[in-house]
Visitor: 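The structure under discussion is supplied below as structure tokens; questions concerning it will follow.
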There are 2 protein chains.
Amino acid sequence: MTSKDDKTIRVTMKDVARAAGVSQSTVSFVLSGTENMRISAETRARVLEAVEALGYRSRAAGRPTGGQGHRVIGLMFDEIATSPFASISIEGLQEEAWKQGVIVEVVMTGGNRAHETAVLNKWAADRVHGVAYASILTREITPPDALARHKAVLLNCTDSTGRVSSIVPAERRGAELATRTLIEVGHRRIAFITGEPWMDASVQRQEGYKRALSVAQIEVDPALIVEGNFLPSGGHAATVALLESAQPPNAIFCANDLMAIGCYEALKERGHRIGETIGVMGYDDQEVAQHLSPRLSTVLLPHREMGQWCARKLLDSSDMNPEAIRLEGPIMIRQSHLGVCAPETTA
Amino acid sequence: MTSKDDKTIRVTMKDVARAAGVSQSTVSFVLSGTENMRISAETRARVLEAVEALGYRSRAAGRPTGGQGHRVIGLMFDEIATSPFASISIEGLQEEAWKQGVIVEVVMTGGNRAHETAVLNKWAADRVHGVAYASILTREITPPDALARHKAVLLNCTDSTGRVSSIVPAERRGAELATRTLIEVGHRRIAFITGEPWMDASVQRQEGYKRALSVAQIEVDPALIVEGNFLPSGGHAATVALLESAQPPNAIFCANDLMAIGCYEALKERGHRIGETIGVMGYDDQEVAQHLSPRLSTVLLPHREMGQWCARKLLDSSDMNPEAIRLEGPIMIRQSHLGVCAPETTA
DNA sequence: TCAGCTTGTTAATTTTTATTAGCAATAATT
DNA sequence: AATTATTGCTAATAAAAATTAACAAGCTGA
């Protein structure tokens with residue numbers, strides 16, 4: 001009886017073609033991204049739009065394959081993971097999926113579009129349950145056209161077209177919270193060492209820093225914002241500059257943990273006792289954060305939870321509406337952020 | 001051109017039907033589980049058996065014989081990679097495979113045998129070209145039985161039965177070379193901080209250390225071998241113990257880089273200048289090694305090359321004989337291993 | 001015994017998609 | 001202006017899989 005009901009007139013390529021005002025062949029070409037077929041950007045967009053509007057999924061993708069055999073989720077990374085970020089989100093996704101007997105296959109494409117398309121088409125033929133498309137660097141991307149044939153989510157990146165669900169860390173809120181933590185333990189002159197200025201994470205963390213200061217009615221002093229490069233060397237140089245300025249800060253917020261390593265060294269060289277004479281806050285909660293002395297207070301990126309969310313979103317077949325999530329991570333309170341208390345400086 | 005050659009004869013419903021002694025329609029009904037069609041349990045079982053035997057997977061309809069289905073190599077990791085070791089070997093394997101248009105699918109099983117078997121069976125059904133089975137910790141393992149179905153290699157682990165080809169880092173030779181490097185720049189009293197004693201890598205690195213001393217006709221002083229734990233804390237404690245002993249060393253070889261971090265701290269606390277008053281050598285070439293000050297001389301693990309070897313071994317169809325490789329990695333010569341020169345002490 | 005029903009299957013047909021070849025329209029070249 | 005190339009697409013076609021209708025075999029009750 002249900003079998004009659006879910007006979008809901010399957011959406012086929014022909015339907016998409018009609019809606020987009022092109023031929024079925026064109027739809028096929030767009031979706032399988034065949035190189036030697038030239039389709040104008042405009043037509044491609046029209047086709048993808050129609051695919052989205054009609055909810056076309058090649059075959060009953062995202063539905064248990066009537067037969068047996070394990071279901072599969074594909075996880076595609078653009079670049080290879082040097083940082084442990086990737087591993088942790090893979091782990092989260094994988095564990096959550098395996099709870100439901102679903103296998104996760106990971107592919108690293110090196111950002112090569114041909115490679116991506118080949119894999120997405122292979123997965124379409126395999127009728128994977130869904131695909132998570134992940135970026136190492138948090139950023140806005142344009143997913144490959146072939147992704148449209150899958151039930152998909154974006155991990156650690158957002159979709160410029162807004163068609164696909166996505167989850168990214170809430171960098172702004174994380175940085176705001178970290179800065180507020182520094183303020184709450186009494187710091188008032190809080191410096192910020194930025195990352196590479198072209199990276200979204202860098203910009204957003206700086207925005208969070210400024211907003212926390214504004215909320216606390218502390219004036220943002222441009223002299224306290226120094227450009228770094230997300231590497232220890234940059235952290236070292238920026239810290240030296242800050243210490244030699246007219247009014248040195250009493251706390252330093254580094255836009256990532258690696259820069260905090262350099263910051264530590266510079267502070268120690270000048271005789272500072274971190275967590276006592278000056279406070280330091282990092283970002284990322286890389287493994288080193290726990291090994292620095294004193295242990296570095298930092299902001300955790302919720303990569304595991306992001307991976308879990310992807311698995312749940314892909315496996316919940318009732319949940320089809322696209323949404324863009326920004327997930328907050330907790331502040332890892334350790335020792336480095338403490339320091340000279342405000343009462344002493346105001347007294 | 002190569003695409004013409006690998007005309008992987010696609011298994012179609014018709015083939016399954018022939019094998020099960022039924023019609024294509026029946027196979028279709030069994031697989032799509034259409035309710036209003038009655039198929040006897042017996043026939044259903046026969047069909048499913050044939051599907052399994054032939055490794056049939058439903059392909060998107062309408063693919064003519066051309067079938068340029070990409071070949072696939074499966075890469076299976078037991079544990080999730082917190083360290084970047086895994087990422088680098090994945091990268092090596094993947095790049096080498098993609099050169100030949102072969103896709104690499106990675107699966108992390110968390111060491112769960114049921115999961116491993118499920119994936120290996122799925123890959124068998126997918127007709128993957130080969131499987132690399134990898135371990136995060138270098139060690140001897142017993143591969144799952146289902147691995148026997150595949151052309152397989154072991155990455156970073158060895159096979160207790162010796163049936164499967166394997167590649168692991170040459171820990172003994174690496175440690176020997178590192179120790180020799182310390183000797184060559186003039187050190188004579190060289191201490192060794194061990195890792196967790198139950199780990200193979202720890203034992204073998206210690207053997208290499210001893211062998212280098214023997215070759216150089218330097219007596220192995222048991223007081224210079226201190227137990228660590230592969231963590232900065234252990235490196236710190238061991239270094240303190242060494243410095244407070246009757247005859248402190250003039251170089252310290254840490255069995256991994258993390259311990260070198262703790263070692264650095266302890267040395268700096270006691271006023272040592274690393275690379276001048278004392279030499280330090282690490283192992284692993286983790287990313288921090290470049291960020292420590294002075295930059296840490298250490299032994300590189302050839303993970304990329306190991307991954308590449310796996311791809312080549314699996315893709316070279318003429319090469320079937322099993323072999324067990326131990327691959328050497330170079331010493332990353334930086335500043336930390338230098339120190340009090342021999343000429344001064346001998347003069 | 002035999003019409004009528006159920007069950008299990010298949011042959012034939014239809015649907016769906018991939019792919020080859022080629023066509024109209026423009027752009028570049030002579 | 002004529003010729004050639006290139007671009008952007010479609011028509012036609014090929015093939016796999018889904019579906020329909022039909023059919024054989026067994027079974028039931030008059």
Side-chain angles (χ1 to χ4, degrees), chain A residues 3-48 50-51 54-61 63-67 69 117-118 120-127 145-146 148-150, chain B residues 3-4 7-48 50-51 54-70:
Chain A
S3 59
K4 286 287 103 143
D5 287 283
D6 84 347
K7 213 181 217 342
T8 38
I9 334 90
R10 213 170 32 202
V11 181
T12 105
M13 271 193 188
K14 216 186 299 194
D15 301 321
V16 175
R18 196 167 33 241
V22 296
S23 72
Q24 172 264 317
S25 321
T26 305
V27 177
S28 174
F29 286 130
V30 169
L31 290 181
S32 52
T34 318
E35 286 264 319
N36 66 359
M37 256 314 152
R38 301 144 298 221
I39 309 286
S40 70
E42 191 195 330
T43 307
R44 265 219 311 275
R46 246 192 3 259
V47 169
L48 292 175
V51 165
L54 301 183
Y56 171 82
R57 297 267 110 91
S58 63
R59 267 323 120 117
R63 192 144 298 196
T65 67
T117 302
L120 287 171
N121 285 337
K122 194 244 169 204
W123 279 343
D126 283 357
R127 299 162 74 140
D145 294 342
R149 54 171 59 194
H150 294 282
Chain B
S3 58
K4 239 69 237 180
K7 35 84 224 341
T8 2
I9 328 94
R10 191 176 318 302
V11 181
T12 140
M13 270 195 186
K14 217 179 317 194
D15 301 318
V16 175
R18 194 165 36 240
V22 296
S23 73
Q24 173 261 317
S25 321
T26 305
V27 176
S28 172
F29 287 132
V30 169
L31 259 36
S32 51
T34 318
E35 290 300 324
N36 67 3
M37 261 304 155
R38 295 147 295 242
I39 307 287
S40 70
E42 191 199 331
T43 307
R44 186 186 303 275
R46 244 194 2 260
V47 169
L48 291 178
V51 164
L54 297 184
Y56 169 80
R57 311 229 102 220
S58 152
R59 301 256 128 181
R63 220 197 285 235
T65 56
Q68 57 201 26
H70 277 273

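To find a chain, count down the sequence lines: A is the first, B the second, and so on, and within it residues start at 1.
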Visitor: What are the two closest heavy atoms between A/Val47 and A/Val16, and how far apart are they?
Guide: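 A/Val47 and A/Val16 have their closest heavy atoms at O-CG1, 4.1 Å.
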Visitor: Between C/dG8, D/dT10, D/dT20, which nucleotide has the shortest distance from any of its atoms to the side chain of A/Val22?
Guide: D/dT10
Visitor: In whole angstrom, what separates A/Ile39's CD1 from D/dT6's P?
Guide: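 Going from A/Ile39 (CD1) to D/dT6 (P), I get 18 Å.
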Visitor: Kindly indicate, with the supporting measurements, whether the criterion side chain to side chain contact (heavy atoms under 4.5 Å, CB included) is fulfilled by B/Gln24 and B/Val27.
Guide: CA-CA 5 Å; B/Gln24 173 261 317; B/Val27 176; 5.7 Å; no
Visitor: Calculate the interatomic distance between A/Arg38 atom CZ and C/dT20 atom P; express it in whole Å.
Guide: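 After rounding, the gap between these two atoms is 14 Å.
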Visitor: Does the side chain of A/His150 reach to within under 4.5 Å of the side chain of A/Leu120, using non-hydrogen atoms?
Guide: yes
Visitor: Mapping A/Ser25 and A/Arg46 onto DNA chain D by nearest heavy atom, which one lands closer to the 5' end?
Guide: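 That would be A/Arg46.
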Visitor: Under 4.0 Å: is that the gap between some side-chain N or O of B/Thr26 and OP1 or OP2 of C/dG8?
Guide: no
Visitor: Could you check how far NZ of A/Lys14 sits from C1' of D/dT10, rounded to whole Å?
Guide: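 After rounding, the gap between these two atoms is 14 Å.
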Visitor: In whole angstrom, give the distance that lies between atom CZ of A/Arg57 and atom P of C/dT16.
Guide: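 About 18 Å, once rounded to whole Å.
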Visitor: Given C/dT19, C/dG8, D/dA17, identify the nucleotide with an atom nearest to the side chain of B/Met13.
Guide: D/dA17
Visitor: Could you state the CZ-P distance from A/Phe29 to D/dC9, rounded to the nearest angstrom?
Guide: 12 Å
Visitor: I'd like to check A/Arg149 versus A/Val51 (side-chain heavy atoms, cut-off strictly below 4.5 Å). Are they in contact?
Guide: no
Visitor: Under 4.0 Å: is that the gap between some side-chain N or O of A/Tyr56 and OP1 or OP2 of C/dT17?
Guide: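 It does, given that an N or O in the side chain of A/Tyr56 lies less than 4.0 Å from OP1 or OP2 of C/dT17.
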Visitor: Could you work out which one of D/dC9, C/dT10, C/dT19 sits closest to the side chain of A/Ser40?
Guide: D/dC9
Visitor: Quick check on DNA chain C: between B/Thr43 and A/Thr12, whose nearest nucleotide comes earlier from the 5' end?
Guide: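 Mapping each residue to its closest nucleotide by heavy atoms, the 5'-most match is B/Thr43.
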Visitor: CG of B/Asp15 versus P of D/dA16: gap in Å, rounded?
Guide: 9 Å
Visitor: Looking only at heavy atoms, what is the nearest atom pair of A/Tyr56 and A/Val11, with distance?
Guide: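 A/Tyr56 and A/Val11 have their closest heavy atoms at CD1-O, 3.3 Å.
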Visitor: Below 3.5 Å, does any donor atom in the side chain of B/Gln24 face an acceptor in the base of C/dA11, or the other way round?
Guide: no
